[in-house]
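Sequence lines set the chain letters: A, B, ... in the order given, protein chains first and strands last, and positions in each chain run from 1. Bear in mind the structure is a predicted one, so any value in this text is a computation, not a measurement.
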Amino acid sequence: MAARFNPLEADAHWQKVWEDRGTFHASDSSARPRSYVLEMFPYPSGRIHMGHVRNYTMGDVLARYRRMNGFEVLHPMGWDAFGMPAENAAMEKKVHPGVWTWSNIDTMRAQLKRLGFALDWSRELATCDPSYYGHEQALFLDLFDAGLVYRKQSEVNWDPVDMTVLANEQVIDGRGWRSGALVERRKLSQWFLKITDFADELLEGLSELDQWPDKVRLMQENWIGKSRGLKFRFGLEAPLEGIDSFEVFTTRPDTICGAAFAAIAPDHSIALALAEHDPDLAAFVAECRKGGTTAAELETAEKKGFDTGLKVHHPLDAAWKLPLYVANFVLMDYGTGAIFGCPAHDQRDLEFARKYGLPVTRVVAGSPEEAAEPIGDEAYTGPGRLVNSGELDGLTGEEGMRAVIARAEEEDWGEGTTVWRLRDWGVSRQRYWGTPIPIIHCEACGPVPVPREELPVVLPDDVGFDQPGNPLDRHPTWTKVDCPSCGGSARRETDTLDTFVDSSWYFIRFASQPKDRPFDRAEAERWLPVGQYIGGVEHAILHLLYARFWTRALRRIGRLDIEEPFMGLFTQGMVTHETYRAPDGRWLSPDEVEPLDDRLIESATGEPVDVGRPQAMSKSKRNGIDPEPIVDQYGADAVRWFMLSDSPPERDLAWNEDGIEGAWRFVQRLWRLASEEEGHGASTWLGGDEDEALQRKLHQMIAAVGANIEALAFNKAVANLYELANAIEKAAPSAARREAVEAMVLLAAPMVPHLAEQAWAAMGGAGLVADAAWPEADPALLAEDQVTIAVQVNGKLRDTLTAPKGAPKERLEEMALASEKIGRILEGKPPRKVIVVPDRLVNLVA
RNA sequence: GCCCCCGUGGCGGAACUGGUAGACGCGCUCGACUCAAAAUCGAGUUCCCAAAAGGAGUGCCGGUUCGAUUCCGGCCGGGGGCACCA
């Protein structure tokens, strides 16, 4: 047996064995219980990065562990292959997006294979393949037929650099998420998916997802943003161009008697109508539109209003008239675009009222004494009872809301309602490299679905990227089609689908991939939902919400009876690295610096380097580490082991040389243990305490490693394995030691699979470790029969003693009092009180 | 501004439902092997005191408890999400 483990040989050898045997091929017909383990599929950007390695290693450990525990495991891999980087590359490098993408896929597939992941490559898919997106087009048309897709003129976020529409989510601080360009507003006809139809379900469904991080559920809850309240109409004192009233929304109908003004958004139809005859108002509206939306600007933005001079009637008292303002802080796209202002109990309204000299009337008081207290600089938003509210006085806020809603409904001027922050999902993109929307526009018939038998609508290859905008728009022939309905000449839709659509159902296609339809329902339902989904927290809202929506939409149209796509969700942390900066501010990559004495210098210049805290690996900071050379040097197992060690998986992991060296040492250490065992050939039981102690340690670690992998606490499982290795190394050769080493190889197998196979084979183990059963922990060996008891005086540890497990309280107390140290501390006086926790401690209160 | 999470050795981090704080790894120190180095192995490593005895100690202040890293209140610091959401 070789003295050292040679990963270059072993990795390739075992990867080939697994592949030849189809070891990780998921059988649809298996009688074993099923387990679907999935990591978020990568965008084929060019090369694998450390984040991928970490993500897929975690999923792989779980997949392999499940296999060893008797599950038929589905662990697939594919490519989220549409998107803008391919078009950017096309423009910069004059290469077709498809060519670029497929070549990236080849590179990255090869890189992933070198890491030895237990993937079922037979199910590999790429979203840019017509055999995938054609089915997506069919699903889109299914949703279209079901009325879940619609088209509307809408103001969109237009990125003037990328020349495309952005979803609200892709606008960050008023700038495009990719280009960073200031986003403009434009009106375009767009396709929308009715995700708001599912708002309630999507919100309610969150409570079932108890294997999701609370954080993610909370983020989705906030994103969906359900608010209960009252929608009611304000009557205008004098009708305006036939409009005699408008609707407002409030979550605080109880404060209606504190109303001081009404306000509408600058985009509100009334404001626009008035502005036509009022240049001052028109100027105000224009100014509001211009206003920046960055965090800093909003923070400092003044609450500004324009008094229209119009008055509205208070709903509870027609004689009570309120001024109507156009206000810059009222948003057209939330609620009804109009509000009533209650300065006493809303901070924004208060600032507005102070500025324009409007009355501030308290209508909620936390205590009877507070009722007379005027409102200062801060609105009162706490609980209390209503005051200054006529017949509502004395009611709690909750009662007040119910009373006002009941009265509004009775008198027919308003109704209790729910509004959502969630908007419908705009899926049109003015891009080439995406799934063509399978619609044909006919002047006579309007938008007509492409007939199913003509799917897929395949992207034309003959396009150029020398001008900005969507090349499909300019395509001479592709756009020209006959209307499927009337046969007249028509134009193909040139928008493509948001790539989030592609990733909203790929996990279903993995589970079932017939040629002639998106998936087979029964087959898909056998695998779904995904048992454990693992990916970055950056997808906590969009991707996960869209996939949940898509799954529910398919359910509603009777295609798949699954409520939630992902039963368990785990969001892993990033892989980070220190940053290095030259004195002149240049970012330096890790291979451009070297240590000198206690510091780092730039190799080329010898200048000292400024070392920054570990940050997400990024091109701009040049602190990325390419996994491939690391795998070349240390092998897949050391890299995998390092990815799992030390840092809890949900937290960031700082990459460093010492860490990978440590992992390499462990790999060699485990190899040595196995090699030595072969050399010993020891098969006799020593029969002493030593054997038994090792056995106990082994079985405790069998239980602990399993529990920790199951909890995805890989860093703890790693620590367990180190502990076991330490114990084995201290033990003399024996049958117990041999048994422990064999078991350890199996326990480590999900993490370091190549090494495990090699060691297993060298020790004469039968079959593949990948097919072996996970060791079983013997309950009889889990518990120690001797326990260490802490002896405290007044809660301070003063001594420890060893006692048989399960010793009675009286015995422990006796033993504690018999301790010499304790006697000294108590100075012979009996304790006032004794607390005994069996098998744990004795606390003597002096 | 609102909501959420996190603060433990030189570092990454352990500590089950309140019960011996610092498992495990990294780094460092000393030692063994070696002509030497690498690799490997052994010992040590929270802080204070020369050491023992002892004392302090889980961001800070306070509380509950026989006992608090763990529970409660208030600060300070770091991170994340949302954001003029009525």
Novice: Is the base of B:rG42 syn or anti, where syn means the angle lies within 90° of 0?
Specialist: anti

Novice: Working to the nearest 0.5 Å, report the span between CG of A:Leu673 and CD of A:Glu729.
Specialist: 5.0 Å

Novice: Whole Å only: how far is the CZ atom of A:Phe714 from the P atom of B:rG13?
Specialist: 17 Å

Novice: Measure from CG on A:Leu545 to C1' on B:rG81 and round the result to the nearest Å.
Specialist: 14 Å

Novice: Among the candidates B:rG13, B:rC66, B:rG55, find the nucleotide nearest to the side-chain atoms of A:Arg798.
Specialist: B:rG55

Novice: Measure CG/A:Asp652 against P/B:rG78 and give the value in whole Å, please.
Specialist: 17 Å

Novice: Is it true that the NZ or CZ of A:Arg4 lies under 6.0 Å from the centre of A:Trp671's six-membered ring and within 45 degrees of the ring axis?
Specialist: no

Novice: Of the candidate nucleotides B:rC66, B:rA86, B:rG19, which contains the atom at the shortest distance from the side chain of A:Tyr334?
Specialist: B:rA86

Novice: If you take atom types as modelled and just measure distance, does the side chain of A:Arg840 reach the base of B:rC16 with a donor-acceptor pair under 3.5 Å?
Specialist: yes

Novice: In whole angstrom, give the distance that lies between atom CZ of A:Arg669 and atom C1' of B:rG25.
Specialist: 10 Å

Novice: Of all the nucleotides listed (B:rG25, B:rA83, B:rC4), which has the minimum atom distance to the side chain of A:Asn726?
Specialist: B:rG25

Novice: Each nucleotide N or O in nucleotides 27-32 of chain B that has a protein N or O under 3.5 Å away: list the pair and distance.
Specialist:
| residue | atom | partner | partner atom | Å |
| --- | --- | --- | --- | --- |
| B:rG27 | OP2 | A:Arg665 | NH2 | 3.2 |

Novice: Using the side-chain heavy atoms of A:Pro648, tell me which of these nucleotides is nearest: B:rA39, B:rC3, B:rG13.
Specialist: B:rG13

Novice: What is the separation between atom CD on A:Glu287 and atom P on B:rC84, rounded to the nearest whole Å?
Specialist: 18 Å

Novice: Contact class for A:Ile835 (heavy atom, under 4.0 Å): base, sugar-phosphate, or nothing?
Specialist: base

Novice: How many angstroms lie between atom OG of A:Ser819 and atom CD1 of A:Ile789, to the nearest 0.5 angstrom?
Specialist: 13.0 Å

Novice: Looking at the side chain of A:Gln792, which of B:rU20, B:rC82, B:rC41 is the nearest nucleotide?
Specialist: B:rU20

Novice: Closest approach to the side chain of A:Lys796, judged atom by atom: which nucleotide of B:rC16, B:rA56, B:rC4 is it?
Specialist: B:rA56

Novice: With side chain to side chain contact (heavy atoms under 4.5 Å, CB included) as the criterion, how do A:Leu841 and A:Gln792 come out once you've worked through the C-alpha distance, each side chain's angles and the decisive distance to 0.1 Å?
Specialist: CA-CA 7 Å; A:Leu841 62 75; A:Gln792 302 178 331; 4.0 Å; yes

Novice: Between B:rA14, B:rC24, B:rC66, spot the one nearest the side chain of A:Arg651, thanks.
Specialist: B:rA14

Novice: Look at the side chain of A:Arg672 and decide which nucleotide, out of B:rA39, B:rA23, B:rU40, has an atom nearest to it.
Specialist: B:rU40

Novice: Is the shortest side-chain N/O distance from A:Lys716 to OP1 or OP2 of B:rA15 below 4.0 Å?
Specialist: yes

Novice: Can you work out whether A:Asn715 or A:Tyr722 has the more 5'-proximal nearest nucleotide on RNA chain B?
Specialist: A:Asn715

Novice: Mark yes when over 12 heavy atoms from residues, nucleotides or ligands other than A:Lys355 sit less than 6.0 Å from its NZ; otherwise mark no.
Specialist: yes

Novice: Once you round to the nearest 0.5 Å, how far does CZ of A:Arg217 lie from CD of A:Gln211?
Specialist: 10.0 Å

Novice: Rounding to an integer number of Å, can you tell me how far A:Ile264 CD1 sits from B:rA86 C1'?
Specialist: 15 Å

Novice: To the nearest 0.5 Å, what is the distance between NE2 (A:His268) and CG (A:Leu331)?
Specialist: 12.5 Å

Novice: Would you please classify the geometry between the A:Phe261 ring and the A:Tyr325 ring as parallel, tilted or perpendicular, with 30° and 60° separating the classes?
Specialist: perpendicular

Novice: Tell me every residue that passes salt bridge (charged side-chain N to carboxylate O under 4.0 Å, His left out) with A:Lys304, counting only those two or more places apart in sequence or in another chain.
Specialist: A:Glu287

Novice: For A:Leu331 and B:rC84, give me the distance from atom CG to atom P, rounded to whole Å.
Specialist: 6 Å

Novice: Report the distance from atom CG of A:Leu542 to atom CD of A:Gln220, rounding to the nearest 0.5 Å.
Specialist: 9.0 Å

Novice: Taking atom P of B:rC4 as reference, at what distance in whole Å does atom CH2 of A:Trp223 sit?
Specialist: 19 Å

Novice: Between B:rG81, B:rA86, B:rG19, spot the one nearest the side chain of A:Met219, thanks.
Specialist: B:rG81

Novice: Within the 3.5 Å criterion, strictly below it, is a donor on A:Thr418 or A:Arg228 matched to an acceptor on the partner's side chain?
Specialist: yes

Novice: Which dot-bracket string fits RNA chain B when only Watson-Crick or G-U wobble pairs with both atom distances under 3.5 Å count, crossing pairs get [ ], and | stands for a partner on a different strand?
Specialist: (((((((..(((......[....)))((((((.......))))))(((.....)))..(((((..]....))))))))))))....

Novice: Using the C1' atom as the point on both nucleotides, what is the distance between B:rC30 and B:rG19, in whole Å?
Specialist: 36 Å

Novice: Nearest to the A:Glu723 side chain among B:rA23, B:rC4, B:rG67, which nucleotide is it?
Specialist: B:rA23

